[in-house]
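Values in this document were obtained by computation on a predicted structure and should not be read as measured data. One is the number of the first residue; the rest follow in order along the sequence.
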Amino acid sequence: MIAVSDNRQSPMPRCRRLEHVIDEDTGYRAVSSRDARFDGVFFTAVRTTGIYCRPSCPATTPKRQNVHFYPTAAAAQGAGYRACRRCRPDAVPGSPAWNVRADLVGRAMRMIGDGVVDREGVAGLSTRLGYSERHLTRELVAELGAGPQALARTQRAQTARLLLQTTGLSATDAAFAAGFASVRQFNDTMREVYGLTPTELRQRSARRAAVPGTIPLRLAHRGPLDAAHLFDFLGVRAVPGVEEIVQRPGGARTYRRTLALPGGPGIAEVDEPRADRADRATGGGPQTWLDCRLRLASLRDLTSAVQRMRALFDLDADPDAVDRALGADPHLAPLVAARPGLRSPGHVDPHELAVRAVLGQQVTVAAARTLAGRLTARYGEPLPAPSGGLTGLFPTAAALAEADDEDLAMPGARKRALRGMCAALASGAVDLSPGVDREQAAAALLALPGIGPWTVSYVRMRALGDPDAYLPTDIGVRHGLSAVGAPDTPDTTAWRPWRSYAVHHLWVASTSTTRSN
């Protein structure tokens, strides 16, 4: 039995954003009803046990006077609480607020999630955001109860736990792969966060990689999830050599793709959930995770790889809020009822997505996919060894900026647009990295010759993860509007901030081929 820490602090001053997310009475009702919709939105700390949990934790509901609420796991840890071993609050989906918010805190959280602090430190994060370290830390502490270093530390602890419990790495190797600066720091953090030593954490798990060098993990999400739409959407647009859909026994599918990561190439696989697989944590309901396997050249890229796959499958979304807002529209209501939990897929590489958006201008999805495959074969970096249908990485923007004319099967104006955009991406004149200011990025793109509003909106929706991008001139959107009896130029005010999801519903409703890729 782990003793409760004597240095546990009293509740931290209320973070100014917490009351915007949820009031404490509502929070306690969510905990009492074990409402999984709030997992990742806030965390529940129990004073008498010294433990913090996700709202849906199946443990006995604590008394109201013993409960404190925190907006982040880092804030709960900073107050002296350790993670519950039963509900694993570190494995919850991320807060959907970071997808919606475009302010400093939202941008910082997206960058921290992508591992910027681990790679570049707090100084690198503040430089990217254009603020001083002091101002950035002050804003994060005021909103989230923890500064950038503490938020990154929580993320490193989760990464280390995954490595300890799913690989055969030594504790020392797991520590440095997760981003810790020393073994002592690693040991102290794991004991503080989980109440267990690294050796004890490893002994408590029976999960191990079935294939050496592979990291198996579960990508948690809030239900419902329209997985069929995700796999259909990605499958139709899969670039040969970079992506593929593999049929599994029983009819379910596996999506596979290559990843260009800071430490080298990687391969990710995500399984479509089986309809007959129940989730014991939800009382036998549909599973609330996607099984994923990663193979990485450098284990230090684990955090980035996980975050990018989560963005691709839009797993931090709040489907309840999206469906409630769009379902109130009489034209969209039947679509929402038919496909609850429909997601707006993002992407793992914003440069790749921007290139594919230009390739897809005024051509079919199939034509854009074919051209992207040819460019990959000609200019992409090959994998050390092919893996199934995966042979290489998508070409870099720098490589495509110098592509030969004969390899670009498109009109001259689009060739110039593609080369100009790739040159701007390669030089940094246009920044599409995680956490970038979306308005600034959109303006920079729109200023480039040959890049119009459709391309910019598509890049915002998928490369920048904007949940409120709308494509009014898109053929698929127009046909979808016609299919549901909506006017050609509907008032989309009530759809905000979820217009990206409305676009996907309209694409599904459309019966003709769209040019979206």
Side-chain angles (χ1 to χ4, degrees), residues 91 93 114 158-159 162-163 165-169 177 207-221 225-277 279 286-316 343 345-349 352-353 369 372-373 376 380-394:
D114 195 56
Q158 181 189 5
T159 300
L162 280 173
L163 292 172
Q165 296 184 334
T166 62
T167 74
L169 282 179
R207 294 189 77 212
R208 290 290 184 273
V211 178
T214 299
I215 303 172
L217 61 148
R218 290 176 170 178
L219 304 177
H221 62 79
L225 175 76
D226 187 352
H229 170 260
L230 281 168
F231 282 80
D232 289 345
F233 185 89
L234 296 174
V236 168
R237 294 159 178 79
V239 174
V242 176
E243 304 168 282
E244 67 175 352
I245 292 282
V246 178
Q247 202 74 29
R248 305 200 323 267
R253 296 166 287 182
T254 294
Y255 170 79
R256 307 180 71 240
R257 73 153 292 140
T258 59
L259 299 172
L261 297 165
I267 293 176
E269 301 178 345
V270 178
D271 294 338
E272 184 179 17
R274 299 196 310 264
D276 61 345
R277 187 173 185 180
D279 184 356
Q287 69 180 60
T288 54
W289 73 86
L290 295 179
D291 286 311
C292 175
R293 293 167 298 282
L294 296 171
R295 280 191 282 160
L296 307 174
S298 171
L299 289 174
R300 285 184 175 270
D301 290 332
L302 178 57
T303 297
S304 293
V306 170
Q307 187 63 26
R308 294 179 193 192
M309 295 307 293
R310 294 192 63 82
L312 177 63
F313 284 84
D314 193 24
L315 297 182
D316 292 329
R343 296 302 207 264
H347 211 272
V348 300
D349 186 334
E352 175 186 328
L353 189 280
R369 178 176 176 261
T376 296
E381 177 187 342
L383 294 176
S387 174
L390 306 182
T391 58
L393 303 176
F394 194 83

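- Applying the side-chain contact (heavy atoms from CB on, under 4.5 Å) rule to A177 yields the partners L163, L299; only residues at least two apart in sequence or on another chain are considered.
- In this structure, the side chains of R218 and Q287 stay at 4.5 Å or more apart for every pair of heavy atoms.
- Listed by chain and residue number, R256 satisfy the side chain to side chain donor-acceptor pair (under 3.5 Å) test with E244 (two or more places apart in sequence, or in another chain).
- Contacts of D301 classified as salt bridge (Lys or Arg N to Asp or Glu O under 4.0 Å), with partners at least two apart in sequence or in another chain: none.
- Residues that satisfy the side chain to side chain donor-acceptor pair (under 3.5 Å) test with D226, not counting sequence neighbours, are R339.
- A pairwise comparison of heavy atoms in I267 and S387 identifies CD1-CB, 3.5 Å as the closest pair.
- Atoms CD and CG, from Q307 and L315 in turn, are 10.0 Å apart once rounded to the nearest 0.5 Å.
- The side-chain contact (heavy atoms from CB on, under 4.5 Å) test applied to A305 returns L259, L261, L294, L296, not counting sequence neighbours.
- Summarising the geometry, atom CD belonging to E269 is positioned 6.5 Å from atom CZ belonging to R295; distances are rounded to the nearest 0.5 Å.
- Between F231 and V270 there is a side-chain heavy-atom pair separated by less than 4.5 Å.
- Evaluation of the side chain to side chain donor-acceptor pair (under 3.5 Å) rule for T258 yields no partner, not counting sequence neighbours.
- Looking at C292 and L217, their side chains come closer than 4.5 Å, going by heavy atoms from C-beta outward.
- Contact between L290 and P273 at its shortest, heavy atoms only, is CD2-CD, 3.5 Å.
- To the nearest 0.5 Å, the span separating CH2 on W289 from CG on L225 amounts to 12.5 Å.
- Across all non-hydrogen atoms, the minimal contact from G392 to V242 is O-CG2, 3.8 Å.
- In this view, H229 and F233, H504 satisfy the ring-ring contact (aromatic ring centres under 6.0 Å, His included) rule, not counting sequence neighbours.
- The side chain to side chain donor-acceptor pair (under 3.5 Å) search around S304 returns R119, not counting sequence neighbours.
- Considering only residues two or more places apart in sequence or on other chains, R257 meets the salt bridge (Lys or Arg N to Asp or Glu O under 4.0 Å) condition with E243, E352.
- Ion pair D271/R293 flagged as a salt bridge, since at least one NZ, NE, NH1 or NH2 atom sits closer than 4.0 Å to an Asp/Glu carboxylate oxygen.
- Contacts classified as ring pair (Phe, Tyr, Trp, His ring centres under 6.0 Å) and involving residues 248-273 (residues at least two apart or in different chains) are given here: Y255-F313.
- Shortest non-hydrogen contact noted between A260 and D349 is CB-OD2, 4.5 Å.
- Contact annotation: the side chain of P345 approaches that of L230 to within less than 4.5 Å [non-hydrogen atoms, C-beta and beyond].
- Residue L383 comes nearest to L390 through the heavy atom pair CD1-O, 3.7 Å, listed as atom of the first residue, atom of the second, then distance.
- The nearest pair of heavy atoms linking A91 to A220 is O-CB, 3.2 Å.
- Considering CZ of R237 and CG of D232, their distance stands at 9.5 Å, rounded to 0.5 Å.
- Partners of E272 by salt bridge (Lys or Arg N to Asp or Glu O under 4.0 Å), not counting sequence neighbours, listed by chain and number: R253.
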